[in-house]
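Beneath this line is the structure, given in structure tokens, with notes to follow.
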Amino acid sequence: MKLDTSIALMEKAKKMIPAGVNSPVRAYLSVGGNPPFIKEAQGAKITDVDGNTYIDYVASWGPMILGHAHPKVVEAIKAAAERGTSYGAPTPLEVEMAEEIVAAVPSMDWVRMVSSGTEATMSALRLARGFTGRTKIVKFEGCYHGHVDSLLVKAGSGGMTFGTPDSAGIPEGLARETLIATYNGLASVEALFSRHPGEIAAVIVEPIAGNMGMIPPREGFLEGLREITRKDGALLIFDEVITGFRVGFSGAQGRFGIDPDMTCLGKIIGGGLPVGAFGGKAEIMEAIAPLGPVYQAGTLSGNPLAVTAGLTTLRILKKEGIYEQLEEMGAYLAKGVGEAGAGIPVQSHRIGSMFCNFFTETPVVDYATAKTSDTERFARFFSGLLSEGIYIAPSQFETGFVSTAHTREDLDRTIEAVARVAKSL
Ligand code: KE4
């Protein structure tokens, strides 16, 4: 596969951008090789600057649930751009977006738009601390909630990929306020609450973990978190930046029937443009400035282009049968890939259109079991697929996504490629 132009661009980029990338996992450091520099994308396909085209399962890490450059989304963004790109003032679009989110996510009485998932979780955390007057936070080892100081402790995603789950630069005094529990391990949460009664402001959790690979919640895990937090007066925050509008129009909380106090959103609600949101019960959100004492703000919050892209995406997702179609395609791909890779010890996880294959014979339920994965074998799998024109996340500890733009032919081509690559693993 010819990557000359990408290689030359990377040499140039490295002189001005750390590792030549604007987000660490894009550098391919854990899988080796040269990351293709992307020129364009359409539907389920992504094309690099050397003209190589790939079937895309990264989906820009989740947002592109309708595929790339969906005609209706592009058309809406173009029309919005002609009316100006940012006003720094309220717009009817933000009212429409709030209506869509509040109607779709029953636990969210109120919502505030921000410009990234990190901003959403950072704001939700500050609000939880301000509302409860408590300082401690519980997060789960291997979960990733963006690069928020308080949450870059035992973090997943890039932290797990590069073996730096605890980022440098976080003051000890702050890190101490973050308590770590085991995903799917209710006993570890109970132990923290019995050691710190009345001190924990919130538990923040990915209702389906997507940043240590994809790990579903065990039966009763989320319900247990709801019960433990309610009893102690702590808030339960669902980080649905990945799962929001991905595993159903009401997200994971709709799928599992849980009523969190706050929810963080991102990715899909921006339709590929920079958007995040946080929201929840009105009595909590009333503590946010300018109504209450918890400050939060943003120059581009509710940006008209980003909100237009997100709104257009959500209105297409509302259409009958979309999630059934994603479920059917996800199931077809998982079955085919499982058969193609038969004989190789793999733990295959899937919920709807999000999936992950862990290269281990150990059942994967949390960070420790995810870490038993053979990352060398994953790297060979990744490189083999890339050379076959299949573009998956460059880390064992990320999640893959099917979009409504993938065709049965794309899935069959992927399955055939897996069968060929599996032979060399
Ligand atoms: P952003 O700040 O990257 O928009 O969102 C942070 C975030 C928050 N919560 C969850 C559950 C997330 O998965 C993320 C970001 N996800 C990663 C990929 N797993 C983004 C990709 C990257 O870091 O380059």
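These numbers were taken from a predicted model, which means no experiment stands behind them. One-based numbering, in listed order, for ligands and for the atoms of each.
The option with the heavy atom closest to atom 5 (O) of ligand 1, from among P274, G159, G117, is G117. With E398, M160, R26 as candidates, the residue nearest to atom 18 (C) of ligand 1 on a non-hydrogen basis is E398.
With salt bridges taken as basic N to acidic carboxylate O contacts below 4.0 Å, none links K45 and E40.
Smallest separation of non-hydrogen atoms from V148 and T121: CG2-OG1, 3.2 Å. Here the closest non-hydrogen pair linking T312 and K72 is CG2-O, 3.7 Å.
Counting heavy atoms from C-beta outward, V25 and S157 have side chains that stay 4.5 Å or more apart. Counting heavy atoms from C-beta outward, E177 and S150 have side chains that stay 4.5 Å or more apart.
If you check which protein heavy atom lies closest to atom 9 (N) of ligand 1, you get D239 OD2, 2.7 Å. Among all non-hydrogen protein atoms, the one lying nearest atom 7 (C) of ligand 1 is G146 N, 3.7 Å. In terms of protein heavy-atom proximity, atom 8 (C) of ligand 1 is nearest to H145 C, 3.4 Å. With respect to atom 19 (N) of ligand 1, the closest heavy atom belonging to the protein is N211 OD1, 2.4 Å. In terms of protein heavy-atom proximity, atom 21 (C) of ligand 1 is nearest to W61 CG, 3.6 Å.
Shown here is E190, whose CD atom has more than 12 heavy atoms of other residues, nucleotides or ligands within 6.0 Å. Environment of CD in E223: crowded, with over 12 heavy atoms of neighbouring residues, nucleotides or ligands closer than 6.0 Å. More than 12 heavy atoms of other shown residues, nucleotides or ligands fall within 6.0 angstrom of atom OH in Y87.
Numbered from 1 in the order shown, with element, the atoms of ligand 1 that lie under 4.0 Å from a heavy atom of S23 read 22 (C), 23 (O), 24 (O). Heavy-atom contacts of T118 reach the following atoms of ligand 1: 1 (P), 2 (O), 5 (O), 6 (C) (cutoff under 4.0 Å). For ligand 1 and S157, the ligand atoms under 4.0 Å from any heavy atom of the residue are 18 (C), 19 (N). Residue contact check: V25 has heavy atoms under 4.0 Å from atoms 24 (O) of ligand 1. Annotation for ligand 1: atoms under 4.0 Å from non-hydrogen atoms of I242 are 13 (O).
Per-atom contact check: atom 13 (O) of ligand 1 touches the protein, criterion being a heavy-atom distance below 4.0 Å.
T132 and R129 share no side-chain donor-acceptor pair at under 3.5 Å.
Contact annotation: for V241 versus ligand 1, heavy atoms closer than 4.0 Å belong to the side chain alone. The part of E206 lying near ligand 1 is the side chain, judged by heavy-atom distances below 4.0 Å.
Residue contacts with ligand 1: K267 is included, with a non-hydrogen atom under 4.0 Å away.
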Please step through ring pair (Phe, Tyr, Trp, His ring centres under 6.0 Å) for the pair F140 and Y367, ending with a clear verdict.
CA-CA 9 Å; F140 294 88; Y367 178 85; over 10 Å; no
